[in-house]
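Shown next, in structure tokens, is the structure this report addresses.
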Amino acid sequence: MSTATEARSNPLAQIDWDYIEFYVGNAKQAAHYYMSAFGFDQIAYAGPETGVRDRVSYLLAQNKLRFVLTASLVPDDDVARHVALHGDGVKDIAILVEDADTAFEMAVRGGARVLQRPTAFEDDNGRLIRATIATYGDTVHSFIQRDGYAGIFAPGFVEARKSVPTAKKPGLSFIDHCVGNVGWGEMDVWGDFYGRVFGFSQLVSFDDKDISTEYTALRSKVMTDPRHLVKFPINEPAQGKKKSQIEEYLDFYRGAGVQHMAIRTDDIAATVRALKHNGVEFLDTPDSYYDALEERIGKIDEAMETLRELRILVDRDDMGYMLQIFTKPLQDRPTLFFEIIQRKGSLSFGKGNFKALFVSIEREQEKRGTL
Ligand code: FE2
């Protein structure tokens with residue numbers, strides 16, 4: 001089947017990330033943080049000055065990454081209630097589609113809960129169509145059909161370019177995967193959801209024997225589109241001697257939500273150096289991890305000394321290897337964080353690192369008294 005025919009018969013087979021929208025308590029300050037710490041540029045703005053009465057949104061971009069930071073100007077709309085309940089977090093994982101109507105119809109036929117039927121937004125620059133369905137917790141997916149829309153981002157936004165000149169550019173390029181934490185026993189429910197609603201297939205799964213330490217455990221499965229561009233790992237807590245990190249997330253976020261986004265780079269050492277320079281804090285890795293590393297993964301291009309210095313993790317599968325590191329939480333609650341990832345052939349999600357990583361997360365949990 002040709003790519004064009006495939007796109008018509010299954011519009012959800014030809015998708016990509018469009019943007020991630022965060023609901024936050026103070027979008028102006030959050031925008032400054034993502035600009036100064038993560039090197040984003042502000043591109044566009046929507047708010048009272050542009051005819052939007054009840055909220056403000058800042059569009060930040062870096063290479064193919066687009067974040068929208070939205071805050072409410074009133075005490076009790078959906079944005080304000082979301083922030084009151086969950087704290088700052090991801091609201092919308094927006095997906096770029098060629099045909100929003102067909103994608104929406106397919107999703108609804110698969111059992112998706114409708115939040116907004118396909119709706120056209122227009123201005124002098126053209127037309128953009130958006131439809132929105134619900135996923136886990138209060139998180140949603142919008143289908144975005146851009147139809148050659150020539151404006152800066154979407155109707156309602158005006159160009160508002162700004163950057164923080166002192167921020168080092170870390171070279172973050174695009175989203176590799178976006179992980180959801182769901183409740184006890186709900187991993188299969190949401191894995192099936194992405195199968196039915198998006199036509200995704202399962203890439204890989206991990207049980208609690210793979211992902212556990214002496215104390216905390218979780219289970220995970222990764223759902224993906226046919227082109228492996230949009231990958232959604234789903235985590236659920238599993239029983240351990242002490243509280244699972246997924247359970248801690250669910251307690252603080254008050255339910256299911258996005259746990260982390262993994263962001264790709266072509267040079268993880270340079271990226272981590274730039275982010276550290278900008279003040280980004282990363283999880284530490286026990287020094288002993290590096291003593292056994294070469295034995296576990298063999299020879300790689302990067303110097304062991306650099307990896308040890310920057311606390312970068314490495315994992316290998318039969319396709320190659322990958323390098324990764326995790327930030328500390330990005331807001332007051334220990335909920336959302338970023339992963340920085342560089343792939344050298346490997347499709348892995350870092351299974352071999354789970355143990356080393358969780359020992360480190362537990363150390364942070366211990367400090368918060370939630371282990
Ligand atoms: Fe990840």
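The shown structure was predicted, so the numbers you read here are calculated from the model rather than taken from an experiment. Indexing begins at 1, ligand by ligand and atom by atom, following the structure's order.
- Under 2.8 Å from the Fe ion (ligand 1) lies no N/O/S atom of D176, from backbone or side chain alike.
- Side-chain contact annotation: Y149 with D123, donor-acceptor N/O pair under 3.5 Å present.
- Looking only at atom types and distance, the side chain of N63 has no donor-acceptor partner in the side chain of R264 under 3.5 Å away.
- A donor-acceptor pair under 3.5 Å is absent between the side-chain atoms of R333 and the main chain of Y253, judged by distance alone.
- Counting heavy atoms from C-beta outward, F38 and L330 have side chains that approach closer than 4.5 Å.
- The angle that H177 NE2 and H260 NE2 make at the Fe ion (ligand 1), rounded to 10°, works out to 110°.
- In E339, the N, O or S atom that comes nearest to the Fe ion (ligand 1) is OE1.
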